[in-house]
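Inspection log for the structure reproduced underneath, given as structure tokens.
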2 protein chains.
Amino acid sequence: MRILIVEDEPTLGNQLKTTLEQNGYAVDLSVDGEDGHFMGSTEEYDAVVLDLGLPEIDGLTVLGMWRREGRNFPVLVLTARDSWSDKVAGLDAGADDYLAKPFQTEELIARLRALIRRATGNASSELTAGDVRLDTRSGRVTLKGEPVKLTAQEYKLLSYLMHHKGKVVSRTELIEHIYDQDFDRDSNTIEVFVTRIRKKLGADVITTIRGLGYSLDDPADQPRG
Amino acid sequence: MRILIVEDEPTLGNQLKTTLEQNGYAVDLSVDGEDGHFMGSTEEYDAVVLDLGLPEIDGLTVLGMWRREGRNFPVLVLTARDSWSDKVAGLDAGADDYLAKPFQTEELIARLRALIRRATGNASSELTAGDVRLDTRSGRVTLKGEPVKLTAQEYKLLSYLMHHKGKVVSRTELIEHIYDQDFDRDSNTIEVFVTRIRKKLGADVITTIRGLGYSLDDPADQPRG
DNA sequence: TCTTCGACGATCAGGATACGCATGTGCTCT
DNA sequence: AGAGCACATGCGTATCCTGATCGTCGAAGA
């Protein structure tokens with residue numbers, strides 16, 4: 001899962017970045033509206049944390065530009081305390097949620113989780129596909145009820161696939177969402193992790209679609225003859 | 001837009017109902033968890049406003065039951081002030097948003113708007129022609145509901161034809177869109193892939209227009225005798 | 001209207017190739 | 001020291017392109 005933070009205050013921004021990274025997200029940090037807008041317009045994010053009080057370009061403006069460009073990633077807006085008129089304006093400008101400063105980082109994470117879950121169409125914190133069960137809250141994976149130990153990258157990859165169950169996910173899409181920005185595309189790490197996951201969870205969890213990418217299917221969703 | 005309110009306190013409940021109705025929503029009001037759960041399970045709502053502090057059955061329980069039943073309407077949870085642990089629990093139980101009491105009704109409406117927009121704003125990515133169905137998001141193709149396995153090139157070609165349904169597409173146009181820039185024009189790869197697609201999806205999906213190219217027609221669009 | 005012929009499209013099969021898989025190796029961070 | 005990761009290499013195979021042959025359509029002439 002790839003997150004963009006647009007926050008002009010370096011202390012808070014870096015703290016958020018660290019916290020989110022510890023929670024398994026790939027995080028990019030932007031310190032002003034212009035750069036933030038550019039990042040959000042050109043890169044693929046699963047969610048954006050946007051501070052409204054930015055120098056130069058206002059956060060609301062950035063948000064409006066994104067929405068007019070057709071960018072529809074979930075946006076969590078950070079507002080000053082008690083300015084609920086700002087919040088309403090933000091929501092109407094296309095924000096999906098807001099959080100008043102100061103806030104508990106724990107709450108930020110819970111809200112981000114909910115946002116991402118909602119955006120990808122899953123209501124429960126548990127994702128299932130066949131015998132595989134993934135709890136996004138605790139970060140645990142089980143196979144037929146038996147707990148399975150996954151490494152960080154394996155978990156990220158599986159998690160992204162399960163969030164997009166049934167969809168064909170290209171290699172580049174996976175790379176973009178698992179790693180942040182600069183990463184050597186000419187490497188086969190994705191294949192390697194797919195192999196590892198298959199070893200741990202069974203070869204049939206992840207389907208390869210040659211020339212397009214990978215796909216994780218729930219047999220229950222495909223009543224075929 | 002149809003809204004369900006589950007709120008045990010009559011004063012607040014009726015006030016909400018009135019306000020929402022004034023804003024153009026069709027509102028049902030439930031005063032306890034059991035009835036509320038029943039309503040949400042049997043009727044179709046575009047969004048639900050759920051109070052967590054209910055007598056008999058707790059709001060979180062109701063929410064959990066809905067989600068387990070596969071109900072995925074957006075849920076806005078009402079919590080007591082300052083109990084952010086409740087909020088986190090609610091979000092993790094499958095709520096899409098929350099609001100702490102007391103709140104501005106204006107804010108409630110703004111949030112509901114955002115919720116509904118988010119839930120219904122996902123445009124369909126499906127193209128159909130006769131019995132053939134192509135989901136551009138998932139990269140899946142089905143024939144009469146049965147999944148059909150296409151190779152990358154076959155998929156690209158079919159996808160382009162379905163995006164230009166009813167139009168005659170020349171061979172060169174297909175080549176230009178399937179391959180990048182320079183490609184040997186003196187080859188019959190297009191014909192080969194058309195043949196393969198016809199084998200998998202039926203000969204009548206793609207019509208040949210001699211001397212011009214190919215065309216994919218939806219029989220539904222051509223009500224002829 | 002029927003037949004014939006030319007041109008265009010459809011089909012087939014074999015070799016080339018890119019693709020994805022599964023190793024192994026060394027680096028880095030705990 | 002160990003685990004996890006990025007990266008490199010070799011191998012097997014599905015997929016693709018090519019070129020040749022076969023089939024079909026349609027126009028022109030009888």
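Letters A, B, ... are given to chains in the order of the sequence lines, protein chains preceding strands, and every chain is numbered from 1.
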Spacing between [X] atom [atom1] and [N] atom [atom2], to the nearest angstrom:
| X | N | atom1 | atom2 | answer |
| --- | --- | --- | --- | --- |
| B:K156 | D:dT15 | NZ | C1' | 12 Å |
| A:I190 | C:dA22 | CD1 | P | 15 Å |
| A:Q153 | C:dC29 | CD | P | 14 Å |
| A:L150 | D:dA3 | CG | C1' | 15 Å |
| B:F193 | D:dA14 | CZ | P | 16 Å |
| A:L174 | C:dG20 | CG | C1' | 14 Å |
| A:I209 | C:dG20 | CD1 | C1' | 13 Å |
| B:I197 | D:dT15 | CD1 | P | 14 Å |

When you check the phosphate oxygens OP1 and OP2 of [N], does a side-chain N or O of [X] lie under 4.0 Å from one of them?
| X | N | answer |
| --- | --- | --- |
| A:T151 | D:dC5 | yes |
| B:R210 | D:dG26 | no |
| B:K199 | C:dC12 | yes |
| B:S187 | D:dT18 | yes |
| B:T208 | C:dA10 | yes |
| B:Y214 | C:dG9 | no |
| B:T195 | C:dC12 | no |

With no hydrogens and no angle check, just 3.5 Å: does a side-chain donor-acceptor pair link B:S215 and B:D217?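 Yes, because at least one side-chain N or O of B:S215 sits under 3.5 Å from a partner of the opposite role on B:D217.
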Hey, does the side-chain of B:N188 have a donor or acceptor N/O within less than 3.5 Å of a partner on the base of D:dG19? yes
Confirm from the modelled atom types if B:R196 and D:dT15 form a donor-acceptor pair under 3.5 Å, side chain to base only.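 Checked by distance alone, the answer is no.
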Could you go step by step and tell me if A:R113 and A:D135 meet the salt bridge (Lys or Arg N to Asp or Glu O under 4.0 Å) rule? CA-CA 11 Å; A:R113 265 206 305 265; A:D135 189 338; over 6 Å; no
Is the CZ atom of B:R198 crowded by more than 12 outside heavy atoms at less than 6.0 Å? yes
Would you say that more than 12 heavy atoms from the other residues, nucleotides or ligands in this model lie under 6.0 Å from the NZ of B:K167, or not? yes
Comparing B:R171 and B:V192 on DNA chain C - which has the more 5′ nearest nucleotide: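 The residue whose closest nucleotide sits nearer the 5' end is B:R171.
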Partners of A:R171 by side-chain contact (heavy atoms from CB on, under 4.5 Å), sequence neighbours excluded? A:I190, A:E191, A:Y214
Apply side-chain contact (heavy atoms from CB on, under 4.5 Å) to A:V205 and list each qualifying residue two or more places apart in sequence or on a separate chain.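 Scan of A:V205 (side-chain contact (heavy atoms from CB on, under 4.5 Å), adjacent residues dropped) gives A:V132, A:L201.
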Selection from D:dC16, C:dG9, D:dA6 that lies nearest to any side-chain heavy atom of A:T189: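 Closest nucleotide to the A:T189 side chain: D:dA6.
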Counting only side-chain heavy atoms from C-beta out, which of D:dT24, D:dT15, C:dG20 sits nearest to A:E191? C:dG20
How would you label the contact of B:V194 with the nucleic acid (heavy atoms, under 4.0 Å): base, sugar-phosphate, or nothing?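 The answer is nothing, as B:V194 stays clear of every strand by at least 4.0 Å.
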